[in-house]
Amino acid sequence: MSTETKSLNFLEHIIEEDLANGLAKDKLRFRFPPEPNGYLHIGHTKAIGISFGLGEKYNAPVNLRFDDTNPAKEEQEYVDAIKEDVSWLGYKWAEERYSSDYFQELYDWAILLIKDGKAYIDSQSSQAMAEQKGTPTQPGVDGPYRNRTVEENLDIFAKMKAGECNEGEHILRAKIDMQHVNMLMRDPIMYRVLKKDHHRTGSDWCIYPMYDWTHGESDYIEQVSHSLCSLEFKPHRELYDWFKEQVHGFAKDKYPMQPKQREFARLNLSYTIMSKRKLLKLVEEGIVSGWNDPRMPTISGLRRRGYTPQSIRKFVETVGVAKRDNLIDVSLLEFCIREDLNKKADRVMAVLDPIKVVITNYPEDKEEWLEAENNQEDASAGFRKVPFSRELYIEKEDFKVEASNKFFRLKLGGEVRLKNAYIIKAESVVKDTEGNVTEINCTYSEDTEKKVKGTLHWVSIKHAIKAEVREYDRLFTDEAPDSHADKDFMEFINPKSLKTIEAFVEPSLADAKIGEQFQFQRLGYFNLDIESTANKLVFNKTVGLKDSWAKVKPKTATDNQQKQPQNNKRSAIDQIKSYGKKYDRMQDDQREKAKAEIQELAKNVSYEDLESLFGTAVKKAGTRIITMISLGVLIENGLEKNEAINDFISKALDDKNDLLVAEAKALA
RNA sequence: UGGCCUAUGGUGUAACUGGUAACACGUCAGUUUUUGGUACUGAAGAGUCUAGGUUCGAGACCUAGUGGGCCAACCA
């Protein structure tokens with residue numbers, strides 16, 4: 001039954017292989033290592049899901065480690081927020097650790113490294129050091145302090161630690177190789193002087209270790225078996241291993257296992273950004289109301305917006321993990337939250353854009369409390385009462401004076417069901433001086449068994465509560481606002497990402513609790529925002545319902561930004577080649593179209609491009625056919641036949657593929 | 001004039017040591033429905049960036065090319 005074995009991702013393959021090669025299962029250990037310099041976002045969720053997910057899968061401990069080596073940027077506030085977010089997602093860490101826990105051990109090892117002649121004090125300006133470092137295409141050169149004596153190095157390093165040196169005066173670097181192809185191996189910095197108080201160690205230290213020196217050794221101290229990080233750290237792996245081997249030489253008895261760093265592609269989500277720095281800018285410039293603005297891709301923003309931990313975990317699980325760059329469509333995230341809320345959220349009625357309906361044959365002073373099912377997906381959700389009376393609101397969009405029979409809603413002379421109530425018929429309308437409908441007069445029928453095409457949601461005007469509803473649109477107008485070399489992401493800010501609506505909701509919502517989630521029937525999922533008060537209800541729209549009616553309706557201009565097939569940025573010859581792959585398998589009419597397309601493309605192809613295809617293997621008939629077609633175009637445009645061409649044609653004439661023969665005959 | 005990583009339907013991920021491309025989202029159609037939602041059924045959509053090679057057989061292995069990404073902070 002549920003024995004279906006899910007295929008493994010590449011990280012699981014690595015772990016399985018290590019296990020098969022003798023790694024004991026109880027030695028597996030992972031970690032999630034955020035720097036406490038900002039709030040966690042949906043991108044981190046992937047990293048969290050991978051490491052904690054592996055922990056759950058293999059029943060291995062996962063540490064939450066704060067990578068707190070830069071007191072200039074880090075704060076306790078962020079530590080607290082990160083812990084809250086990870087817990088909220090439902091993950092439990094084995095131990096809460098801090099890189100700063102290891103400052104002393106790191107320092108001791110650094111001294112051993114100096115004694116081994118593997119590290120030295122450099123006393124140049126950062127600029128001078130940068131110049132000596134070279135570039136990715138040019139090797140670096142050794143600096144003047146590279147061969148200081150061990151004694152001098154030890155002496156200065158002690159002074160640095162004692163606070164006797166100013167920032168920028170001296171740094172400690174590893175002595176590796178200034179000519180190394182990997183820039184990170186060109187004597188990387190291990191320690192700098194930073195006269196700043198640390199949120200945990202206070203003023204104990206005035207030298208702080210750099211990332212590369214700290215991170216790997218923290219993994220090592222914690223005996224993490226697999227240290228998983230994103231792709232941009234791939235070049236760091238070589239240095240990670242170098243440091244690890246040095247330190248292992250000092251401490252193999254205490255710490256027997258050497259961790260292994262592996263890298264995966266980070267998550268990118270369409271129409272948003274994932275950089276902490278850029279998110280901070282949105283906050284600082286007031287584009288959003290804070291880190292937890294419901295439009296933000298932060299975990300706290302998503303939480304406030306109404307996303308559930310389950311939906312986010314499901315999302316991370318479905319996007320998977322690999323090493324190629326990706327851009328995931330927000331529709332997948334939306335699918336995950338809809339799927340979750342469909343089962344959990346009670347249904348209620350709310351009208352966001354009202355128009356008045358008067359039931360003329362319903363007594364003026366009468367009111368009824370009708371029974372309504374809370375959630376048809378969940379029998380245990382029970383029922384509630386909703387009030388019905390003579391005057392109601394329905395959505396403006398749900399009424400048209402005249403409409404085709406594809407319009408299942410209310411039209412003059414037509415009948416429609418009011419959800420949980422009666423069937424009504426529109427008899428006449430009241431219009432204002434400009435001709436806009438302001439009121440619809442209807443009659444009702446108590447026969448609720450009747451078949452009618454549409455069902456509308458509604459609220460009784462007398463009983464309805466006014467509420468503020470906030471509807472959100474994507475924060476950016478560009479699919480990947482982050483990825484334009486020539487444009488700043490701020491240029492793509494969507495000015496209409498927030499829409500505030502005055503809505504009318506059914507009275508049962510009066511005692512909704514902060515964060516509680518509802519489906520406003522036929523509209524979408526909403527939750528009660530933290531800014532809501534007893535006097536003023538405020539709802540966030542989490543996500544709309546899937547709306548297949550919207551697709552039938554004539555589209556607005558903004559919806560119509562159709563995606564261009566991306567192959568038009570490929571060169572003509574490449575496009576022709578891709579036709580070659582399938583040409584001989586196409587059906588006749590498709591093939592004719594393809595041929596016309598190839599002939600058009602061939603006008604932009606050089607003979608040299610084509611000639612390189614003359615040697616194509618005999619079995620690849622399609623490629624040779626498209627080559628022949630393109631050649632025909634070039635010849636028509638004045639290309640002289642040469643030996644290579646004649647040879648190519650005569651070989652084709654003898655081929656067993658009829659299509660190829662036909663094309664060749666045309667040129668012979 | 002470098003090094004490393006990467007390339008599979010529109011998107012994301014699969015395909016165990018080579019055996020003829022699967023799953024999810026999205027799209028389209030139908031059935032059910034007191035939500036144009038949900039559920040259910042079905043369909044279309046890639047021959048795996050290009051070329052060459054190894055092989056009886058290549059998405060997978062090798063070579064070259066092309067496209068994309070990463071690498072020069074006293075950041076992580």
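So you know, we letter chains A, B, ... as the sequences are listed, proteins then strands, and number each from 1.
Taking side-chain N and O atoms only, A/K551 has a distance below 4.0 Å to OP1 or OP2 of B/U27. For B/A76, the OP1/OP2 oxygens have a side-chain nitrogen or oxygen of A/R192 closer than 4.0 Å. A close approach under 4.0 Å does not occur between any side-chain nitrogen or oxygen of A/R266 and OP1 or OP2 of B/C70. Between A/R173 and B/C74 there is no side-chain N or O to OP1 or OP2 distance below 4.0 Å. Residue A/K323 places none of its side-chain N or O atoms closer than 4.0 Å to OP1 or OP2 of B/C5. Between A/H13 and B/A15, a side-chain N or O to OP1/OP2 separation shorter than 4.0 Å is present. Taking side-chain N and O atoms only, A/T69 has no distance below 4.0 Å to OP1 or OP2 of B/C75. Applying the 4.0 Å criterion to OP1 and OP2 of B/G36, one finds that A/R522 has a side-chain N or O inside that range.
For A/I207 and B/C74, the CD1 to P distance is 17 Å, given to the nearest whole Å. In this structure, A/D447 places its CG atom 13 Å from P of B/U34, rounding to the nearest Å. Straight-line distance from the CZ atom of A/R186 to the C1' atom of B/C4: 14 Å, rounded to whole Å. In this structure, the CG atom of A/N268 is 12 Å from the P atom of B/G69, given to the nearest Å. Distance A/N9 CG to B/G12 C1': 13 Å, rounded to the nearest Å. Atom CD in A/E334 sits roughly 15 Å away from atom C1' in B/G37 (whole-Å rounding). Rounded to an integer number of Å, the gap from A/K453 NZ to B/U35 P is 14 Å.
No donor-acceptor pair under 3.5 Å is formed between the side chain of A/Y102 and the backbone N or O of A/H215. In this structure a side-chain-to-backbone donor-acceptor pair under 3.5 Å is missing from A/E415 to A/I424. In this structure a side-chain-to-backbone donor-acceptor pair under 3.5 Å is missing from A/R347 to A/Q519.
Look at A/R384 and A/D346 and you find no salt bridge, because none of the NZ, NE, NH1 or NH2 atoms lies under 4.0 Å from a carboxylate O.
Pair assignment for B/A46 gives none, since no Watson-Crick or G-U wobble pairing has each distance under 3.5 Å. Within the shown strands, B/A7 is the pairing partner of B/U66 under the Watson-Crick or G-U definition, both distances less than 3.5 Å. With a 3.5 Å ceiling on both atom-pair distances, B/A72 lacks any Watson-Crick or G-U wobble partner. The partner of B/C61 is B/G53, by the rule that a Watson-Crick or G-U pair needs both atom distances under 3.5 Å.
Among B/U11, B/C74, B/A7, the nucleotide with an atom closest to any side-chain atom of A/D329 is B/U11. For A/N70, counting side-chain heavy atoms from C-beta on, the closest listed nucleotide (B/C71, B/G37, B/C75) is B/C75. Side-chain proximity of A/V319 to the nucleotides B/U38, B/G12, B/C75 is greatest for B/G12.
For the pair A/F335 and B/G26, the ring geometry does not qualify as stacking, because the centroid separation below 5.5 Å and plane angle under 30° are not jointly satisfied. Judged by centroid separation below 5.5 Å and plane tilt below 30°, A/W549 stacks onto the base of B/G36.
With sequence neighbours excluded, no residue forms a side chain to side chain donor-acceptor pair (under 3.5 Å) with A/Q517.
A donor and an acceptor atom sit less than 3.5 Å apart, one in the side chain of A/E377 and one in the base of B/G37. A donor-acceptor contact under 3.5 angstrom links the side-chain atoms of A/R409 to the base of B/G36. Side-chain atoms of A/Q376 stay outside donor-acceptor range of the base of B/U33, with no qualifying N/O pair under 3.5 Å.
Where A/N37 and A/F407 meet RNA chain B, the nucleotide closest to each residue was compared, and A/F407 sits on the side nearer the 5' end.
Between the side chains of A/Y211 and A/N70, no donor-acceptor pair of N or O atoms lies under 3.5 Å.
In B/G18 the O4'-C1'-N dihedral to the base is more than 90° from 0, which defines an anti nucleotide.
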Output, in order, the C-alpha distance, side-chain angles, deciding distance and verdict of side-chain hydrogen bond (donor to acceptor under 3.5 Å, both in side chains) for A/E217 and A/Y240. CA-CA 8 Å; A/E217 281 28 79; A/Y240 182 100; over 6 Å; no
